[in-house]
Amino acid sequence: MKKMNLFATVLLSIAIIFSGCNASNTAKGTGIGAGAGAGIGAGLGAIINGGKGAGWGAGIGAVVGGAAGALIGNKMDKQKKELEGLQNATVETVNDGQAIRVTFDSGILFATNSSTLNSASQSSLIQFANSLKSNPDTDIEIFGHTDSSGGDKINLPLSLSRANSVKDFLTGQGVSFNRMTTQGLGSSQPVAGEDSKGVQALNRRVEIYILPNEKMIEEANAGTLK
């Protein structure tokens, strides 16, 4: 049993090295395939973002290895560059470059205790929607988060309503409703401590994951993805 645990640790260490370096997504995809294959990817869901990224367990799944993973990484690199100009949003590659996470501060999108989108935030969401429409072979998972004030009775429905508001807005901009799923996580997935109001605000956010859909993965495996 100890040998198996050691082996698993070594494999995960390889994955983390590729994930944390400054290599492009293409290089990451190739490296993870050469190093250990999709088996590592299946375990990454539990450790990305310190085990706190809810999307990873259910939606993102295993990393695609080898040449197919490199093609997906290259595709995601291109979309990430499109999105880097988004205002009031953090754009980063995750899952060894084979997915993109876009994080909006809830304070930018919504007034306090509201799930109605601010008009000031809509220009960024329109730009985001345009990128999604020009990259149709992806799925989108939208997660609403709150801080711990107010309790689950308030926070869970509020976080879901906010995620749904973003989905509804993107749908109105022409993004296919069927590509998107939503979930409200309340305060269960904090990214920062809550000892002060300034830090607490970091937990009030909407995270959107852009993932390769089945068609993209099939084309990558066939070597035809461009």
Side-chain angles (χ1 to χ4, degrees), residues 14-45 47-49 53 55-87 89-104 124-143 166-167 170-171 173-182 206-226:
I14 294 170
I16 292 168
I17 288 170
F18 280 104
S19 178
C21 69
N22 291 323
S24 70
N25 293 345
T26 303
K28 290 176 184 178
T30 304
I32 201 69
I40 289 180
L44 282 179
I47 63 171
I48 289 288
N49 196 24
W56 301 100
I60 291 181
V63 172
V64 179
L71 289 173
I72 292 174
N74 182 59
K75 187 78 170 178
M76 289 297 180
D77 266 336
K78 293 177 181 178
Q79 187 171 7
K80 179 176 180 287
K81 289 177 182 178
E82 292 178 10
L83 294 170
E84 285 175 347
L86 283 176
Q87 294 184 339
T90 300
V91 181
E92 55 196 323
T93 52
V94 289
N95 215 37
D96 284 292
Q98 294 180 24
I100 302 169
R101 176 170 58 203
V102 180
T103 304
F104 290 94
S124 290
L125 288 175
I126 290 171
Q127 183 183 349
F128 182 55
N130 289 336
S131 177
L132 295 178
K133 288 186 291 184
S134 65
N135 295 274
D137 294 334
T138 54
D139 293 327
I140 300 102
E141 296 186 357
I142 305 169
F143 296 91
V166 172
K167 179 181 179 180
L170 295 175
T171 300
Q173 295 301 311
V175 180
S176 173
F177 184 86
N178 293 329
R179 293 174 63 187
M180 297 182 283
T181 61
T182 59
V206 173
E207 292 180 342
I208 305 174
Y209 291 87
I210 304 171
L211 319 171
N213 68 7
E214 186 175 351
K215 180 176 180 288
M216 184 190 290
I217 293 171
E218 287 177 353
E219 289 182 356
N221 283 325
T224 60
L225 181 65
K226 296 180 180 181

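For clarity, every value in this text was computed on a predicted model and none was experimentally measured. Along the sequence shown, residues carry numbers from 1.
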Task: CD1-CG distance between Ile208 and Leu83, expressed to the nearest 0.5 angstrom - done: 10.0 Å
Open item on the list: Whether the side chain of Asn221 engages the backbone of Ile217 through a donor-acceptor N/O pair (distance < 3.5 Å, no angle test) should be reported.
Closed with: yes
Open item on the list: What's the separation between atom CG in Asp139 and atom OG1 in Thr181, rounded to the nearest 0.5 Å?
Closed with: 8.0 Å
Task: Over all atoms of both residues, closest heavy-atom pair of Pro136 and Asn213 - done: O-ND2, 4.0 Å
Open item on the list: Please report the interatomic distance CD1(Ile100) to CE(Met76), rounded to the nearest 0.5 Å.
Closed with: 5.5 Å
TODO: To the nearest 0.5 Å, tell me how far Ile142 CD1 sits from Glu207 CD.
DONE: 12.0 Å
Task: With sequence neighbours excluded, residues passing side-chain contact (heavy atoms from CB on, under 4.5 Å) with Ser134 - done: Glu82
- [ ] Check whether any side-chain heavy atom of Phe128 lies under 4.5 Å from a side-chain heavy atom of Ile210, and answer yes or no.
- [x] yes
TODO: Go through the structure and list residues passing side chain to side chain donor-acceptor pair (under 3.5 Å) with Thr138, not counting sequence neighbours.
DONE: Arg179
TODO: Report yes if the side chains of Leu125 and Phe104 come closer than 4.5 Å at any heavy-atom pair, otherwise no.
DONE: yes
Open item on the list: Would you say NZ of Lys133 has more than 12 non-hydrogen atoms from neighbouring residues, nucleotides or ligands within 6.0 angstrom?
Closed with: yes
TODO: Mark yes or no for whether Gln98, through its side chain, and Val64, through its backbone, hold a donor-acceptor pair below 3.5 Å.
DONE: yes
TODO: For Gln87, enumerate each residue passing the side chain to side chain donor-acceptor pair (under 3.5 Å) test, keeping only those at least two apart in sequence or located in another chain.
DONE: none
- [ ] Among residues two or more places apart or on two chains, list those pairs meeting salt bridge (charged side-chain N to carboxylate O under 4.0 Å, His left out) that have a residue in residues 216-226.
- [x] Lys215-Glu219
Open item on the list: Just checking Glu84: does its CD atom have more than 12 heavy atoms from other residues, nucleotides or ligands closer to it than 6.0 angstrom?
Closed with: yes
Open item on the list: I need the Leu71 CG to Thr224 OG1 distance, nearest 0.5 Å.
Closed with: 8.5 Å
Open item on the list: What's the separation between atom CD1 in Ile72 and atom CG in Leu211, rounded to the nearest 0.5 Å?
Closed with: 11.0 Å
Task: Set of residues satisfying side-chain contact (heavy atoms from CB on, under 4.5 Å) with respect to Gln173, sequence neighbours excluded - done: Ile126, Ala129, Phe169
Task: For Thr171, side-chain contact (heavy atoms from CB on, under 4.5 Å) partners two or more places apart - done: Lys167, Phe177, Met180
Task: Nearest non-hydrogen partners of Ser124 and Leu86, listed with the distance - done: O-CD2, 3.2 Å
